[in-house]
Amino acid sequence: MGFLRVDNRRSLYGRTYPDPVSRSVRVVPATPVAELTTALRDALSGAGPAVLPTDEPTEPGTPVPDDVALLVRTSGSTGAPRDVLLSADALLASARATHTRLAGPGHWLLALPTAHIAGLQVVLRSVAAGTEPVRLSGPFRAASFLAAAAQVPSDGPRYVSLVPTQLIRVLADPAATDALAGFDAVLLGGAAAPDGLIADARARGVRLVTTYGMSETCGGCVYDGVPLDGVRVAIDPDDRIALTGPMLATGYRDRPELTADSFRTDADGTRWLHTSDLGRWSQGTLTVLGRADDVLITGGEKVPPAAVERVLAELPGVAEVCVVGVPDPHWGQAVTAVLVLHPGTAVPDPAAVRTRVAAALGPAAAPRHQLVLDTLPTRGPGKIDRRGVAALAADRLTH
């Protein structure tokens, strides 16, 4: 197995909207994967137009810079859609860096939707490695994962990318867990994962690798807190994470102001992506503390939900947790813990929960409300839908 090579292509890294801007865009259904794989292979080699994968009715739109191979449709904190422009150079740099960090090019199991960067990267890494991804059929369940895992060839490294909700489902089934332990690496991203979930998976033989990244970095670019080769991390004065490296996006289609705000070049000529994520950088390791726009203001105090979630995730029987703010006439926002419990688990005592969180993070962070749901609303590749959780919590607490 070897990497796909792109020859005689002008590198556009470091420029926001290079000339000429004349490459056409082809809208390709995110499914079936065979058509998408062929379209991406042609886009990377320069033999075909840039690719916009989506299952939603859409038009190709305006041309893009010549080196752009892929457009990923995403939405920001406002929910407004935007097309992230990714060059062939950036995508291949990302694939190479991933395989270098792991055990080399190999076979991938595709268990994530290919309208989003995490699923697209599984296809792209397979194209770069000269292999074909094995797609999981139907809804993600332990049984469907087990069936798909059995189809992944064993004549090289075997990989899969999951989000935390999928990992929880696999670990609930012993046979599926054994199958997952047979992969050379299991990339986990898309949402923050509780430390207990990560420890449980690793204790059961799963070669788990936590990832951090986004569409603007061609997916994960920091693995287990350590940047991939060529990637550098900085923390802005307001504690926001900034990233640089060869896998940065060219920018956003038809959004020059957003591009200029997100991608900035420093005095040394280095181009950085300034994210909306808060982080801490210590001894070469990045800790992601959550999104800046998720921070709750309660009684004039700032409360980062991710910090509260880490405490609550350690409670016995808690499978998933999301901390949101609901409107409150006295506090502005009332910190609310929304929990999903393992079957047969007793509901945690709210007073004990408040005491535990207050002891760890201070009184302002202690949840004033607690709800237990069967499942948490999700969006995209399995990320918890915080807006959906907050709306559901507000509705439950007022009725």
ask   = Any side chain to side chain donor-acceptor pair (under 3.5 Å) pairs touching residues 211-222, not counting sequence neighbours?
value = Tyr212-Asp277, Glu216-Tyr252
message = Please give me the minimum heavy-atom distance between Val160 and Leu162, naming the atom from each residue.
response = CG2-CD2, 4.0 Å
query = For atom CZ of Arg280, is the number of surrounding heavy atoms from other residues, nucleotides or ligands below 6.0 Å larger than 12?
reply = no
Main-chain N/O of Thr165 paired with Glu320 side-chain donor or acceptor, under 3.5 Å = no
key: Sequence neighbours excluded - salt bridge (Lys or Arg N to Asp or Glu O under 4.0 Å) pairs with any residue from residues 195-207   = Asp200-Arg204, Arg202-Asp224
inquiry  = Side chains of Glu132 and Ser126 only: does a donor on one sit below 3.5 Å from an acceptor on the other?
reply    = no
task = Applying side-chain contact (heavy atoms from CB on, under 4.5 Å), run through Trp272 and Leu248 and close with a yes or a no.
result = CA-CA 8 Å; Trp272 292 84; Leu248 285 195; 5.7 Å; no
request  = Check the side chains of Thr98 and Tyr159 for a donor-acceptor pair under 3.5 angstrom, ignoring hydrogens and angles.
outcome  = no
ask   = Taking atom types as modelled and ignoring hydrogens, do the side chains of Asp155 and His107 form a donor-acceptor contact shorter than 3.5 angstrom?
value = yes
Sequence neighbours excluded, every pair satisfying salt bridge (Lys or Arg N to Asp or Glu O under 4.0 Å) that has a member inside residues 298-310 = Glu309-Arg386
request  = Evaluate side chain to side chain donor-acceptor pair (under 3.5 Å) for Asp67 paired with Thr250, printing each intermediate quantity in order.
outcome  = CA-CA 9 Å; Asp67 197 52; Thr250 299; over 6 Å; no
ask   = Do Arg41 and Glu35 pass the salt bridge (charged side-chain N to carboxylate O under 4.0 Å, His left out) test, and can you show the C-alpha distance, the side-chain angles, and the key distance before you say yes or no?
value = CA-CA 10 Å; Arg41 186 180 289 115; Glu35 181 180 355; over 6 Å; no
message = Using the rule given for side chain to side chain donor-acceptor pair (under 3.5 Å), can you reason through Thr298 versus Arg368, listing the C-alpha separation, both sets of side-chain angles and the distance that settles it, and then say yes or no?
response = CA-CA 10 Å; Thr298 179; Arg368 299 189 174 277; 4.5 Å; no
note = With Leu40 as partner, the option from Thr114, Val33, Leu70 fulfilling side chain to side chain contact (heavy atoms under 4.5 Å, CB included) is Leu70
query = Any side-chain donor-acceptor pair under 3.5 Å between Asp66 and Ser22?
reply = yes
